[in-house]
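Below is one structure, written out as structure tokens, with a few remarks after it.
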Amino acid sequence: MYVELLADSNLNPKRFQIIHAPSYLLIETNFQIGDFVESNNIDFIINYAVNLGYQVKITHPETQQYNKYPLPKISDELADLIINYPSDLKLRTNGMVFEQRAYLMSKVYDEVCQNLESKALLREAEYWLINYAREVIAKQCHYLPDILMKLDNPTVRAMAIDTLMLWQPDWNNAISQYRGSRFKAGNNEFEVISYYHNQKKKGREGIMVLCKVTKTMNNHLEFPTFPCNANCTLGTYQVENALNQRLD
């Protein structure tokens, strides 16, 4: 566990925002994720954290802005589950971040199998979802600290996780960052153009990536081949898997 503080400037910062901190430290110091600590009180927080054995990381605006949260290093078993997940069910994961997709797949798998292996995969996926919530979602949602505090309560843990599963990033902004990126999928090479919302589909399933076909191949007979220079839409999970990078 660690404490991360974001300084408001590179030189002589006047206050620090709490980006990440263990629940116990927040309770003891009466702070919450997102709170600002004045510079004259920062030594108290740092010393308190160090005495509890926590590492303290202080970041600055420009480093915090460009450090993207990477895909988690999941187990081979969970990776195999995601790869082999039935394609018709994968549509349900469109518009979800990687950890949400892994959790949904694991949950459905456990509901079917109900064995030690499926329960272990569900626990791992739940761990990564909560870790993502603490690392990323907490920086963007003011209501999240209260939810994260409830994760330690087994009575409301399931409801708290359901709330985390509803969160969405700003897909328009996220996809725009990859404009011009190229990737291969099936029998084509694609170039990301922009975000596209298919109004005919409900909720997250309508969140698509507008792409242009830049090359055609005949590598896989079971996949369709789109004509060169044609525009098409792909799901967020398809593009993320092909790029091997998170879009959010």
Side-chain angles (χ1 to χ4, degrees), residues 66-109 121 125 128-129 131-133 135-137 140 164-248:
Y66 293 110
N67 280 343
K68 293 183 67 67
Y69 185 73
L71 288 172
K73 296 181 180 179
I74 60 176
S75 66
D76 291 340
E77 293 77 12
L78 184 56
D80 289 340
L81 175 65
I82 295 174
I83 293 171
N84 298 321
Y85 202 71
S87 57
D88 57 330
L89 294 178
K90 280 182 180 177
L91 293 174
R92 292 173 53 190
T93 70
N94 192 55
M96 292 184 178
V97 299
F98 182 89
E99 287 78 5
Q100 290 172 327
R101 299 206 311 271
Y103 179 79
L104 178 61
M105 294 174 183
S106 301
K107 188 175 182 180
V108 173
Y109 181 67
L121 290 177
W128 288 118
L129 175 63
N131 189 70
Y132 180 80
E135 295 284 336
V136 179
I137 307 178
Q140 303 181 32
L164 297 181
M165 288 293 289
L166 295 174
W167 183 84
Q168 294 185 51
D170 183 342
W171 283 114
N172 192 355
N173 180 62
I175 293 170
S176 296
Q177 296 181 48
Y178 287 91
R179 184 179 290 115
S181 297
R182 295 191 178 190
F183 60 90
K184 293 179 180 179
N187 288 320
N188 291 100
E189 180 186 75
F190 300 91
E191 179 179 322
V192 175
I193 298 176
S194 65
Y195 164 89
Y196 177 82
H197 192 184
N198 187 342
Q199 302 292 341
K200 296 180 180 179
K201 296 187 177 183
K202 295 181 179 179
R204 300 193 222 207
E205 290 188 12
I207 299 171
M208 309 296 288
V209 183
L210 180 62
C211 299
K212 178 181 179 181
V213 178
T214 54
K215 185 185 296 184
T216 59
M217 300 168 285
N218 292 307
N219 297 335
H220 309 281
L221 296 178
E222 66 273 23
F223 293 123
T225 301
F226 298 102
C228 200
N229 296 321
N231 289 342
C232 62
T233 56
L234 299 176
T236 57
Y237 70 93
Q238 293 173 298
V239 176
E240 188 171 79
N241 288 343
L243 287 171
N244 196 29
Q245 294 178 341
R246 62 169 61 251
L247 293 177
D248 57 303

Restricting to non-hydrogen atoms, name the atom on [X] and the atom on [Y] that form the minimum distance, rounded to 0.1 Å.
X	Y	answer
Ile193	Cys211	CD1-C, 3.7 Å
Ala125	Ala102	CB-O, 3.7 Å
Ser181	Leu243	CB-CD2, 4.3 Å

Discussion item. Going by the rule side chain to side chain donor-acceptor pair (under 3.5 Å), which residues pair with Ser194 if we only count those two or more places apart in sequence or in a different chain?
Written reply: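 Not a single residue meets the side chain to side chain donor-acceptor pair (under 3.5 Å) criterion with Ser194.
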Fill in: Residue list, side chain to side chain donor-acceptor pair (under 3.5 Å) with Tyr103, at least two apart or on another chain
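Partners of Tyr103 under the side chain to side chain donor-acceptor pair (under 3.5 Å) test: none.
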Item to complete: First locate atom CE of Met217, then atom CG of Asn188, and finally report the distance between them rounded to the nearest 0.5 Å.
Response: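 Rounded to the nearest 0.5 Å, the CE-CG separation comes out at 6.0 Å.
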Worksheet item: Got a second to check how far Arg92's CZ is from Met105's CE, nearest 0.5 Å?
Response: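 These two atoms lie 10.0 Å from each other.
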Worksheet entry | salt bridge (Lys or Arg N to Asp or Glu O under 4.0 Å) pairs, two or more places apart, involving residues 219-240 |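 Residue pairs passing salt bridge (Lys or Arg N to Asp or Glu O under 4.0 Å), neighbours aside: Arg101-Glu240.
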Discussion item. Enumerate the salt bridge (Lys or Arg N to Asp or Glu O under 4.0 Å) contacts for residues 181-193, please, sequence neighbours excluded, ordered by first and then second residue.
Written reply: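 Passing the test, one end in residues 181-193: Arg182-Glu189, Arg182-Glu191.
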List, one per line, each side-chain donor-acceptor pair under 3.5 Å for residues 73-84, sequence neighbours excluded.
from: Ser75; atom 1: OG; to: Leu78; atom 2: N; distance (Å): 3.2
from: Ser75; atom 1: OG; to: Glu124; atom 2: OE1; distance (Å): 2.6
from: Ser75; atom 1: OG; to: Glu124; atom 2: OE2; distance (Å): 3.3
from: Asn84; atom 1: ND2; to: Asp80; atom 2: O; distance (Å): 3.0

Under the side chain to side chain contact (heavy atoms under 4.5 Å, CB included) rule, collect the residues that match up with [X], sequence neighbours excluded.
X	result
Asn218	Thr225
Asn229	Lys212
Ser176	Asn172, Arg179
Asn131	Tyr69, Tyr127, Trp128, Glu135

Taking only distance into account, with no hydrogens and no angle test, what donor-acceptor pairs under 3.5 Å do side-chain atoms of residues 93-100 form with protein atoms, sequence neighbours excluded?
from: Thr93; atom 1: OG1; to: Lys90; atom 2: O; distance (Å): 2.6
from: Asn94; atom 1: OD1; to: Thr236; atom 2: N; distance (Å): 2.7
from: Asn94; atom 1: OD1; to: Thr236; atom 2: OG1; distance (Å): 3.2
from: Asn94; atom 1: ND2; to: Arg204; atom 2: O; distance (Å): 3.2
from: Asn94; atom 1: ND2; to: Glu205; atom 2: O; distance (Å): 3.4
from: Asn94; atom 1: ND2; to: Ile207; atom 2: O; distance (Å): 2.7
from: Glu99; atom 1: OE1; to: Arg246; atom 2: NH2; distance (Å): 3.2
from: Glu99; atom 1: OE2; to: Arg246; atom 2: NH2; distance (Å): 2.8
from: Gln100; atom 1: OE1; to: Val97; atom 2: N; distance (Å): 3.0
from: Gln100; atom 1: OE1; to: Arg204; atom 2: NH1; distance (Å): 3.3
from: Gln100; atom 1: NE2; to: Leu164; atom 2: O; distance (Å): 2.9
from: Gln100; atom 1: NE2; to: Met165; atom 2: O; distance (Å): 3.3
from: Gln100; atom 1: NE2; to: Trp167; atom 2: O; distance (Å): 2.9

Discussion item. The criterion is ring-ring contact (aromatic ring centres under 6.0 Å, His included); which residues satisfy it with Phe190, sequence neighbours excluded?
Written reply: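 ring-ring contact (aromatic ring centres under 6.0 Å, His included) list for Phe190, sorted by chain: Phe183.
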Practice prompt. Among residues two or more places apart or on two chains, list those pairs meeting ring-ring contact (aromatic ring centres under 6.0 Å, His included) that have a residue in residues 197-247.
Written response: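 Pairs touching residues 197-247 that pass the test: His220-Phe223.
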